[in-house]
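Heads up: the structure comes next, in structure tokens.
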Amino acid sequence: MFIKKMLTKRPIIFFGILIGIIFLTLFSFKKDENNTINSYGEIPQGLGVSIHRGISEEDIQAIADAGFKWVRIDIFWSSVEKTKGKYNFKSTGYDELNEQIIAKGLKPYYILDYGNSLYGNERSVVTNKARKAFIKFAETTVKRYGGQSGVWEIWNEPNHGNFWEVQPSYEHYARLVEAVAPIIHKYDKSSLIVAPALSGLSDPSLQWLKQIKKQGTFNYIDAISVHPYQEGKPEDVILQYKKLKKIVKNKPIFSGEWGYSVTDLDEIKQAEFLARSLLINNYAGIPVSIWYDWKNDGQEKLNREHNFGLVSYYSTPKFSYLAVQTLTSQLKSYRYLKRIKVNNVDDYILEFRNANKEKILVFWTTKSSHSVHIKLKSGRGRLVSMLGAKRSVKWGDYIEVNMQTSPNYLIIK
């Protein structure tokens, strides 16, 4: 009856509503078809690592062997365009790197970033001239490496003065995203557009993000990225994510860069914090987690920036490499289900399940070691340590486990 009245008295309004419904349906289907953010919650689909140019093919193979699915790397505008209007992707190594990434079954997470002295400031884009040139650089790059179901991130840490020199930066950065994002979408509908790559989750960082939101930037992107480096334990990020989610609402959040240098802590603690940060991100509903970074950038032990790698400067695996390899192999095809509560709030017992409803518990504490009883139906299974040591176990109505600062895995058969 309603449809009949609308057709008779208000046909224009009716057909307008109908077209709108059809458009939204088709748009939603298209996004579901191409945008697989929801699938990243299944480990290890959302896990990645940052790399730099000059990395070897053997390193890329080792990244795949560790279980990572993404590699994040800058595509420097100033390296690609050294002469106005001419773009060099071959001798700069990007073509070869892209081929190797795809050949190893990995996905590219490309950052289009930084300025170009040919058009003004090397660490900002604030003029129409520079903006138009950056758009052309982005278009050329996306045409070359599009169609790979990857990620295009627009700039790295634009809220940080080291990476966008002209501060405050939110107005100029918002204009850049507004101009670049439609170009990316036009030439690569298979990939996700991510912006900004927010430096930190401090109150000033969140205030900067609010300004970006006011500019309408969220309308042009598929997800935002944050770099939630922590001075303390990884679990401190949980409260910070809650503040962030109040700002971004339903917009997906990527952890685009997070790591710990062994200048600040020892190698075993780096491995613990690596595993815990990836697990906490999954627990917090963060679909993509990128570890910084793959390889030590130098050999100076007291140089913090030289010591974030999962492997040494010469590609020798650290404990962290074993930790991530254990995590990805044990939790392969599993999704986080729930946190099992116990009396101690510093204890984490996370339950993961796969499509066959098989269950794995991952447990650790942020305090000193102690034992905990976990209620379970009688059964048997296998305990796996953070670094991959295994032993068979069985239990009655409960199992007693040793909570440590390093995560352990209970595989329930």
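Applying the salt bridge (Lys or Arg N to Asp or Glu O under 4.0 Å) test to every pair with at least one member in residues 163-181, sequence neighbours left out, gives no pairs at all. The salt bridge (Lys or Arg N to Asp or Glu O under 4.0 Å) contacts involving residues 313-322 comprise nothing, where partners must be two or more places apart or lie in separate chains. Sorted by first and then second residue, the pairs that involve residues 326-359 and meet ring pair (Phe, Tyr, Trp, His ring centres under 6.0 Å), not counting sequence neighbours, are Tyr283-Tyr336, Tyr336-Phe352, Tyr348-Trp364. Identified under the salt bridge (Lys or Arg N to Asp or Glu O under 4.0 Å) test for residues 73-99, with sequence neighbours left out: Asp95-Arg144. Note on residues 43-70: pairs passing salt bridge (Lys or Arg N to Asp or Glu O under 4.0 Å), not counting sequence neighbours, are Glu57-Lys104, Asp59-Lys295.
Between Lys269 and Asp266 there is no salt bridge, since no side-chain nitrogen of the basic residue lies less than 4.0 Å from a carboxylate oxygen of the acidic one. Ion pair Arg72/Glu153 flagged as a salt bridge, since at least one NZ, NE, NH1 or NH2 atom sits closer than 4.0 Å to an Asp/Glu carboxylate oxygen.
Contacts of Tyr173 classified as side chain to side chain donor-acceptor pair (under 3.5 Å), with partners at least two apart in sequence or in another chain: none. Not counting sequence neighbours, Lys214 has no partner by the salt bridge (charged side-chain N to carboxylate O under 4.0 Å, His left out) test. By the salt bridge (charged side-chain N to carboxylate O under 4.0 Å, His left out) test, Asp297 is found to be paired with no residue, residues two or more places apart in sequence or in another chain being considered. Applying the side chain to side chain donor-acceptor pair (under 3.5 Å) criterion to Gln230, with sequence neighbours excluded, gives Gln240. The salt bridge (charged side-chain N to carboxylate O under 4.0 Å, His left out) test applied to Asp264 returns Arg304, not counting sequence neighbours. For Arg353, the salt bridge (charged side-chain N to carboxylate O under 4.0 Å, His left out) test picks out Glu351, with sequence neighbours left out. Looking at residues two or more places apart in sequence or on another chain, you find no side chain to side chain donor-acceptor pair (under 3.5 Å) involving Ser277.
Neither side chain, Thr365 nor Asp346, offers a donor N or O lying under 3.5 Å from an acceptor on the other.
In this structure, Arg123 is not positioned above the aromatic face of Phe163 in the sense of NZ or CZ being under 6.0 Å from the six-membered ring centre and within 45° of the axis.
When the shell of 6.0 Å around CZ of Phe319 is examined, it contains 12 or fewer heavy atoms from other residues, nucleotides or ligands.
What you find for Ser385 and Asn408 is that their closest heavy atoms are CA-OD1, 3.2 Å.
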